[in-house]
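Following: one structure in structure tokens, then a few remarks.
Counting convention: from 1, in listed order, for ligands and their atoms alike. In this chain, numbering begins with 1 at the start of the sequence shown. What's counted below: heavy atoms across the whole structure, side chains too, no hydrogens, waters or symmetry copies.
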Amino acid sequence: MRILITAGPTREYFDAVRYLSNPSTGKMGFALARVARRLGHRPRLVTGPGDLPRPLKIDIVEITTAREMQQAVRRYFPESDCLIMAAAVSDYRPRKVSRGKVKKTRNQLRCDLVRNPDILKEISRHKVNQTLVGFALETRDFSRNARKKLRAKKLDYIVMNTPRAFGRDRVDAQIFNGRGCLKKFKNISKDKLSEAIIKLVEKNSR
Ligand code: CTP
């Protein structure tokens, strides 16, 4: 299968040197791409900025902002059999981007933010027979919020985790489909979690 995977954070600049982002490192998306390849698939990885070594033999598309990630997903989705959105996309971006570096001449600064597109929600409208997998990063009402996202974004599966997953090699996670919780993992490695996700995708595409 041609599997499109997103990874890492996005950055939303408000001047030439400063941005809004989050602590995502890309480990989950990179693990998914490596495992997909090991299992005989053709992954394409759309990734935000980060320090992880770029794996050889995997098609990589480097992006910075949420809107660039959206462009890349729109471009490659039609030729993909599956999309797995592991990226931690910034939901907002500064309304205005100052040219150059903002100088510290004032005591207070205001920065207006505007909503970024919901990449998964938009792409799910163009789904033909692709399998769609999302992640849900939750800090409360874990299962309820995750299942709400699964329905709102019309996903086949959603992987629920918490901010403790940022940058770690092992995580607690649950995978849901429309009927409920399919799998629950404690302290599982991102490689093993990737295997479980890819196996579900394989089953769903049969
Ligand atoms: N996602 C996306 N586009 C966005 C934000 C998120 O495609 N602008 C994707 C993420 O990659 C993830 C899923 O949607 O697969 C859920 O992301 P999450 O950050 O958990 O939730 P949000 O939809 O952003 O909702 P909220 O921040 O209100 O929890």
Side-chain angles (χ1 to χ4, degrees), residues 3-13 19-33 36 43-50 61-77 80 82-95 113-127 130-168 171-178 181-182 190 193-194 196-198 200-201 204:
I3 305 184
L4 183 59
I5 298 164
T6 66
T10 64
R11 283 182 187 169
E12 312 297 332
Y13 277 86
Y19 54 82
L20 190 67
S21 192
N22 61 67
S24 172
T25 58
K27 276 187 179 173
M28 188 68 233
F30 276 58
L32 279 160
R44 176 176 272 129
L45 188 59
V46 176
T47 181
V61 183
E62 308 261 359
I63 56 86
T64 303
T65 67
R67 287 189 296 173
E68 287 166 8
M69 181 170 278
Q70 182 184 40
Q71 289 305 314
V73 169
R74 278 182 179 162
R75 171 160 180 208
Y76 295 111
F77 185 71
S80 305
C82 168
L83 167 65
I84 309 178
M85 285 279 312
V89 184
S90 295
D91 287 324
Y92 293 88
R93 67 178 183 276
R95 184 185 298 278
L113 303 177
V114 294
R115 274 278 285 276
N116 266 333
D118 188 321
I119 302 170
L120 255 184
K121 202 169 182 175
E122 190 234 18
I123 213 75
S124 71
R125 292 192 209 114
H126 303 282
K127 169 178 159 141
Q130 290 95 336
T131 300
L132 288 185
V133 184
F135 275 69
L137 187 72
E138 305 298 343
T139 52
R140 68 175 103 94
D141 295 336
F142 302 93
S143 308
R144 198 162 63 93
N145 283 337
R147 296 179 70 179
K148 230 161 101 181
K149 280 177 198 172
L150 177 103
R151 284 192 300 275
K153 302 187 194 226
K154 299 195 168 52
L155 308 178
D156 296 287
Y157 303 101
I158 196 153
V159 184
M160 194 261 293
N161 60 9
T162 72
R164 280 171 54 85
F166 279 137
R168 301 255 170 105
V171 291
D172 294 343
Q174 288 182 45
I175 307 181
F176 295 85
N177 71 0
C181 180
L182 292 176
K190 286 184 174 173
L193 179 58
S194 299
I197 295 167
I198 303 284
L200 282 174
V201 168
N204 193 59

Are any side-chain N or O atoms of Glu12 and backbone N or O atoms of Tyr92, one a donor and one an acceptor, separated by less than 3.5 Å? no
Protein heavy atom under 4.0 angstrom of atom 19 (O) of ligand 1, is there one? no
Is it true that Asp118 and Lys153 make a salt bridge, defined as a side-chain N closer than 4.0 Å to a carboxylate O? yes
Could you tell me if any non-hydrogen atom of Ala66 lies under 4.0 Å from any atom of ligand 1? no
In ligand 1, which numbered atoms sit nearer than 4.0 Å to a non-hydrogen atom of Asp91? 4 (C), 5 (C), 8 (N), 24 (O), 27 (O)
Which of the ligand 1 atoms, numbered from 1, are nearer than 4.0 Å to a heavy atom of Ala87: 10 (C), 11 (O)
Using distance alone, decide if ligand 1 has a nitrogen or oxygen within less than 3.5 Å of any nitrogen or oxygen in Ala86. no
Within the 4.0 Å heavy-atom shell around Gly134, which atoms of ligand 1 are there? 15 (O)
Does any part of the side chain of Met28, heavy atoms only, come nearer than 4.5 Å to the side chain of Leu193, both counted from C-beta? yes
Can you figure out which of Lys153, Met85, Lys121 has its heavy atom closest to atom 6 (C) of ligand 1? Lys153
Ligand-side contact atoms (ligand 1) for residue partner Leu120, heavy atom cut-off under 4.0 Å: 2 (C), 7 (O), 9 (C), 13 (C), 14 (O), 15 (O)
Decide whether the shortest distance between a heavy atom of Met69 and an atom of ligand 1 is less than 4.0 Å. no
Considering only heavy atoms of Ala136, which atoms of ligand 1 have at least one such atom less than 4.0 Å away? 20 (O)
Does Pro117 have a heavy atom less than 4.0 Å from any atom of ligand 1? yes
Any side-chain to backbone donor/acceptor pair from Lys154 onto Leu132? Under 3.5 Å, distance only. no
So, does Arg93 use its side chain to make a donor-acceptor pair with the main chain of Arg115 at under 3.5 Å? yes
How many angstroms lie between atom CG of Leu20 and atom OG1 of Thr10, to the nearest 0.5 angstrom? 8.0 Å
Under a heavy-atom criterion of less than 4.0 Å, does Leu137 contact ligand 1? yes
Decide whether an N or O pair under 3.5 Å exists between Val89 and ligand 1. no
Do side-chain atoms of Asn22 reach the backbone of Ser90 as a donor and acceptor pair under 3.5 angstrom? no
Is atom 3 (N) of ligand 1 touching the protein, meaning some protein heavy atom lies under 4.0 Å away? yes
Is it true that atom NZ of Lys127 has more than 12 heavy atoms of other residues, nucleotides or ligands lying nearer than 6.0 Å? yes
Proximity of Lys149 to ligand 1 by residue part, where a heavy atom lies under 4.0 Å: side chain
Hey, are the side chains of Ile3 and Ile84 touching, using non-hydrogen atoms and a 4.5 Å cut-off? yes
Measure the distance from atom 12 (C) of ligand 1 to every protein heavy atom, then report the residue, atom name and distance (to 0.1 Å) of the closest one. Phe135 O, 3.0 Å
Any nitrogen or oxygen of Thr6, side chain or backbone, less than 3.5 Å from one on ligand 1? no
More than 12 heavy atoms of other residues, nucleotides or ligands under 6.0 Å from CZ of Arg74: is that the case? yes
Are the side chain of Lys27 and the backbone of Arg168 linked by a donor-acceptor contact shorter than 3.5 Å? no
Side chain, backbone, both or neither: which part of Asn116 has a heavy atom under 4.0 Å from ligand 1? neither
